[in-house]
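Everything on this sheet refers to the single structure shown next.
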Protein chains: 2
Amino acid sequence: MATLGELERTVMDLLWENPEAVTANALRDMLARRTHGEHASKELAVTTVLTVLSRLEKKGLVERARDTRPHRYQAVTSREEHTADLMHEVLGSAPNREAVLARFLGSVSDGEAATLRKLLGHS
Amino acid sequence: MATLGELERTVMDLLWENPEAVTANALRDMLARRTHGEHASKELAVTTVLTVLSRLEKKGLVERARDTRPHRYQAVTSREEHTADLMHEVLGSAPNREAVLARFLGSVSDGEAATLRKLLGHS
DNA sequence: TCAAGGTTCTACATTGCGTAGAACCTTTGC
DNA sequence: GCAAAGGTTCTACGCAATGTAGAACCTTGA
């Protein structure tokens with residue numbers, strides 16, 4: 001339930017980069033540019049985009065405005081929130097969470113460790 | 001590459017609970033007990049277990065001793081290490097890691113936050 | 001050397017994802 | 001009011017991963 005396919009991920013990336021809700025057609029265009037660096041190419045069928053969007057909607061990652069005529073789509077949560085949720089999902093399935101967190105911290109960069117300290121506040 | 005199937009995950013759980021290397025047959029028995037609460041039932045074919053073990057080996061999660069006759073299998077990394085690796089994998093695919101970490105910390109229990117502070121040391 | 005037990009090969013069903021045609025519904029320009 | 005243009009849903013196919021296991025092949029002990 002957590003894993004997205006390649007296209008699904010790309011679509012999510014585009015939605016995350018675009019705060020406003022977009023249409024399937026707009027997404028199709030963005031995808032064409034994104035995937036094949038500028039020069040128009042390999043446009044996917046709109047139905048393909050729509051299928052993917054429906055699946056993402058079913059997964060709870062995308063929200064669709066059904067009231068406007070060309071439906072408009074947007075990500076339900078921010079990319080950061082989603083990623084953090086995924087991390088919690090991974091962590092949640094572990095018996096000894098603290099041991100996992102310890103190892104996790106072990107391979108975090110110094111700069112990030114500093115940030116974490118700041119975020120956690122002083123004891 | 002990160003996602004495991006249901007059976008694969010169960011097998012990994014058993015291997016993680018058992019420090020010593022075990023045979024496919026032993027695993028088959030453990031699976032029977034685990035999956036259907038005690039009373040012997042639904043034993044999987046040994047070949048099924050072997051297939052799963054081979055796949056897990058290919059994924060680098062399981063190590064197999066080929067020198068002993070009934071081959072013996074064991075997890076390559078601890079469950080904690082594996083989980084931490086997964087968390088890093090999830091985090092790695094994000095542009096603004098610090099923002100993700102911030103949100104992640106936001107939903108960590110107080111006790112765990114305290115542990116994290118300790119692990120990070122005081123600024 | 002041969003039977004018992006272990007391993008590898010091959011295979012099939014199911015499910016998720018990429019992909020899109022065909023059919024169906026809406027809107028809009030006349 | 002109606003037909004064409006455009007949008008949405010249904011259905012479907014191919015491919016890869018996973019659960020499952022039979023058939024064939026290899027090893028070893030009696």
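Within every chain, numbering begins at 1; the chains are lettered A, B, ... in the order of the sequence lines, protein sequences first and strands thereafter.
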### Query
Does CG in A:Asp67 sit with more than 12 non-hydrogen atoms of other residues, nucleotides or ligands closer than 6.0 Å?
yes
Within-4.5 Å side-chain heavy-atom neighbours: [X] and [Y]:
X        : Y       : result
B:Leu14  : B:Val22 : no
A:Val108 : B:His88 : yes
B:Glu8   : B:Arg55 : yes
B:Met12  : B:Glu17 : no

To the nearest Å, give me how far apart [atom1] ([X]) and [atom2] ([N]) are.
X       : N      : atom1 : atom2 : value
A:Leu53 : C:dC17 : CG    : C1'   : 14 Å
B:Leu4  : D:dT18 : CG    : P     : 7 Å
B:Lys58 : D:dT18 : NZ    : P     : 11 Å
A:Glu43 : C:dT19 : CD    : C1'   : 15 Å
B:Glu6  : D:dT20 : CD    : C1'   : 15 Å
B:Asp67 : D:dT28 : CG    : P     : 12 Å

#### Entry: Reported CG-to-CZ distance for the pair B:Asn96 and B:Arg103, which is rounded to 0.5 angstrom
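If I round to the nearest 0.5 Å, the distance is 9.5 Å.
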### Query
Would one find a side-chain N or O of B:Lys59 under 4.0 angstrom from OP1 or OP2 of D:dT18?
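Affirmative; the distance criterion is met.
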### Proximal nucleotide (of D:dG19, D:dA21, C:dG18) relative to the B:Ala45 side chain
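Between D:dG19, D:dA21, C:dG18, the one nearest the side chain of B:Ala45 would be D:dA21.
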### Message
Counting only side-chain heavy atoms from C-beta out, which of C:dA20, C:dC17, D:dA21 sits nearest to B:Leu44?
### Response
D:dA21
### Query
Relative to the 5' end of DNA chain D, which residue comes earlier, A:Arg55 or B:Thr48, by the nucleotide with the nearest heavy atom?
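Taking each residue's closest nucleotide, the earlier one in sequence belongs to A:Arg55.
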### Message
Check this for me: does any side-chain nitrogen of one of A:Asp13 and A:Arg79 sit under 4.0 Å from a carboxylate oxygen of the other?
### Response
yes
### Task
Find the bend of the helix from C:dT1-D:dA30 to C:dC30-D:dG1 as the angle between its two terminal axes (five pairs each), to the nearest 10°.
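That helix gives 10° between its end axes.
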### Query
Any luck finding a side-chain donor-acceptor pair between A:His71 and A:Thr23 under 3.5 Å?
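Side-chain D/A pair, A:His71 to A:Thr23: absent.
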### Query
With distance as the sole criterion, is a donor-acceptor pair present between the side chains of A:Thr115 and B:Arg97 under 3.5 Å?
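B:Arg97 and A:Thr115 do not have a side-chain donor-acceptor pair below 3.5 Å.
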For nucleotides 3-11 of chain D, list the nitrogen or oxygen atoms of the protein found under 3.5 Å from its nitrogen or oxygen atoms, one pair per line.
from	atom 1	to	atom 2	distance (Å)
D:dG7	OP2	A:Asn25	ND2	3.0
D:dT8	OP1	A:Arg69	O	3.2
D:dT8	OP1	A:His71	N	2.4
D:dT9	OP2	A:Arg64	NH1	2.8

